[in-house]
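The chain is numbered in sequence order, starting from 1.
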Amino acid sequence: MKKLIPVTFLLLTFFTSNAQFENIDLSKYKLPEIKRHQLDLNFSYNNSFSKNSYEEIAKNSYFDLYNRIDASYSFYKNTKFYQRNVWTRMFSKVQLDWEKQDNANYDKNDDYYWYLQTGFENRYYPQESRWFFHIAPEANYSISNDYSKQSLETVENYDVKYFYNNMYFSPEMKIGGGIGRIEPVGDLRRAIYILDDLLKNERLNRIPNESEIYLLANKIAYLRNQRFFDSRLRSKYEIQSLDSTLTDLGLVNGMDAIYFTSINDMWSFSQEERYSGNRLQFDAIGGLNYSWNKAKRVDLIDNSDNFIQTDKLKQFPEILGVQVLFESYKPLGLKWQRYISFETSFKNIFVDKKSYIHNYNTLDASFTYRYDWFMNTRTYANFGFYSNFNRFDHSSLDEYYYDINKINLSLFGNIHYYFSPRLRASLNVSLYYNWTDNLHTSYTRQFQISNQIAFSYAIF
């Protein structure tokens, strides 16, 4: 009977503590003043092959190879009076397409693309109010080179080659304001992971109260923003600091291999991006678009006679518009999170008079409803619904320029797994329905299923 009393006490303590951790409201946590840097590398590989055969229609085969590598840097600063995001993203991609139709048609398309985006976003909250002032300059720069070749065997020795060079530069500024604030709460979730695992390994003296949990979360927020050139020294400093905090609070009762292994495992892998709060934002938009395009067509009539045609085009459109954005993150316990987003914008695009393109307006509206499921420290998933409506409204209509309406509906799901604290694998599956209406020509409907496997490595 005496042996049953300690066992019963431990079981009662375990279930009571778990219930207490489950009742922690992530939305109440306020991130302390921090500065956070992150640098990531991403690589994705995709390919597809299809072969079709229809009655009275030539057989068709199609192969697509698409590879992409990304590098991105972000900086986040949070205080009582403002939140600041600074980012720089750079990526390059190679896309190779090959199509053949019943030995009569050969079509090859190669695309090489380089892209750079940089900007910052600052929300200032005067006197710690819920109202904020918003400013967000951004610049996009891209270069692409495209090559395509078509061969028709129905005409002897007939080949057509196309070469395209494109450069695009677009600075943009958003100025406005709104109400509400979204707080990162991932550091509190990491504190709960550490305490819960120590409890399961019987290395806690007692159940911490809410203020002690918040104190540990603030310590974690501080540690996540320390920078070390040597990752081994950084890991050593972080584990020592966590141990010191837990000891000072009088929460631990056994500093052995199990204790330090538990802390190290929870610290290394509990990297959930959790948020809480609502925000409604209104912005005025101004910007410029500069594009330079060069196209060359080569017709190979026979081995000795070539026809070469080169076209150049420059455009300097100006953009004026307005935008409304609503975002909402709601933690649903410790393992779930709900995200809602609605965004709409209206823009006037004024094209340079020398261009053959007329002035036009765009109307965009999008809605996202998503659930995030954080299964454990290594694995998380999300699934949801996305819809988008886009309209191009040209001021002058003719046989080349006409109004266009587009609708996109999609269901999506993603799952992510951490092989190590820095290396993550991701699988994405999406179901699309696209509808396009060209008011003066035709309309199209498209149903598509896609999947992607990607790997991400965080440098620091």
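Proximity of Leu363 to Phe389: side-chain heavy atoms (C-beta onward) are separated by under 4.5 Å at one or more points. In this structure the side chain of Tyr386 reaches within 4.5 angstrom of the side chain of Ser366, judged on heavy atoms. Side chains of Leu288 and Phe169 form no contact here, defined as non-hydrogen atoms less than 4.5 Å apart. Within the 4.5 Å cutoff, no side-chain heavy atoms of Ile24 are placed close to those of Tyr29. Two residues are said to be in side-chain contact when any heavy atoms from C-beta on lie closer than 4.5 Å; Ser72 and Trp87 fail this criterion.
A pairwise comparison of heavy atoms in Phe412 and Phe385 identifies CE2-N, 3.6 Å as the closest pair. The nearest pair of heavy atoms linking Lys80 to Arg181 is O-NH1, 3.3 Å. Asn78 and Pro32 get closest at one heavy-atom pair: ND2-O, 3.6 Å. Across all their heavy atoms, Lys30 and Asn218 have their closest contact at O-OD1, 4.4 Å. Of all heavy-atom pairs spanning Pro184 and Tyr275, the tightest one is CA-CD2, 3.8 Å. Counting all heavy atoms, side chain and backbone alike, Ser410 lies closest to Tyr432 at CB-CD2, 3.6 Å.
In this structure, a donor-acceptor pair under 3.5 Å is absent between the side chains of Tyr222 and Asp187. Side-chain polar atoms of Tyr168 and Asn166 form no donor-acceptor pair below 3.5 angstrom. Residues Ser426 and Asn428 bring no donor and acceptor atom of their side chains to less than 3.5 Å of each other.
In this view, Tyr371 and Tyr369 satisfy the side-chain hydrogen bond (donor to acceptor under 3.5 Å, both in side chains) rule, not counting sequence neighbours. Residues passing the salt bridge (charged side-chain N to carboxylate O under 4.0 Å, His left out) test with Arg189, sequence neighbours excluded: Glu272. Not a single side-chain hydrogen bond (donor to acceptor under 3.5 Å, both in side chains) links Ser241 to another residue, sequence neighbours left out. The salt bridge (charged side-chain N to carboxylate O under 4.0 Å, His left out) check on Asp70 picks up Arg68, with sequence neighbours excluded. Tyr339 meets the ring pair (Phe, Tyr, Trp, His ring centres under 6.0 Å) test with Tyr329; sequence neighbours excluded. Qualifying side-chain hydrogen bond (donor to acceptor under 3.5 Å, both in side chains) partners for Tyr214, counting only residues two or more places apart in sequence or in other chains: none. The side-chain hydrogen bond (donor to acceptor under 3.5 Å, both in side chains) search around Asn388 returns none, not counting sequence neighbours. In this structure, the ring pair (Phe, Tyr, Trp, His ring centres under 6.0 Å) partners of Tyr125, at least two apart in sequence or on a different chain, are Phe132.
Within 6.0 Å of the CE atom in Met90, the count of heavy atoms belonging to other residues, nucleotides or ligands does not exceed 12. The number of heavy-atom neighbours closer than 6.0 Å to CH2 of Trp336, taken from other residues, nucleotides and ligands shown, is above 12.
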Please lay out, stage by stage, how Ile220 and Ile194 fare under the test side chain to side chain contact (heavy atoms under 4.5 Å, CB included). CA-CA 11 Å; Ile220 289 172; Ile194 292 173; 4.0 Å; yes
Report the C-alpha distance between Leu26 and Ile192 in whole Å, list the side-chain angles of each, state the deciding distance to 0.1 Å, and finish with yes or no for side chain to side chain contact (heavy atoms under 4.5 Å, CB included). CA-CA 10 Å; Leu26 297 179; Ile192 296 172; 4.3 Å; yes
Step by step, work out the side chain to side chain contact (heavy atoms under 4.5 Å, CB included) result for Leu431 and Leu409. CA-CA 8 Å; Leu431 180 67; Leu409 305 174; over 6 Å; no
Yes or no on side chain to side chain contact (heavy atoms under 4.5 Å, CB included) for Ser328 and Ile182, after CA distance, side-chain angles and deciding distance? CA-CA 8 Å; Ser328 174; Ile182 294 176; over 6 Å; no
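Annotation: salt bridge (charged side-chain N to carboxylate O under 4.0 Å, His left out) contacts involving residues 115-127, sequence neighbours excluded, comprise Glu121-Arg123. Among residues at least two apart or in separate chains, salt bridge (charged side-chain N to carboxylate O under 4.0 Å, His left out) pairs with a member in residues 320-332 are Arg279-Glu327. Listed by first and then second residue, the salt bridge (charged side-chain N to carboxylate O under 4.0 Å, His left out) pairs that reach into residues 333-348 are Glu172-Lys347, sequence neighbours excluded. Identified under the salt bridge (charged side-chain N to carboxylate O under 4.0 Å, His left out) test for residues 367-386, with sequence neighbours left out: Arg370-Asp372.
Looking at Asp283, its side chain does come within 3.5 Å of a backbone N or O of Gly176 through a donor-acceptor pair. Between the side chain of Arg274 and the backbone N or O of Leu334 there is at least one donor-acceptor pair closer than 3.5 Å.
In this structure, Phe75 has its ring center at least 6.0 angstrom away from the ring center of Tyr73. A ring-centre distance under 6.0 Å is found for Phe91 and Tyr115.
Of the candidates Tyr380, Phe374, Phe269, Trp373, Tyr380 is the only one forming a ring-ring contact (aromatic ring centres under 6.0 Å, His included) with His416.
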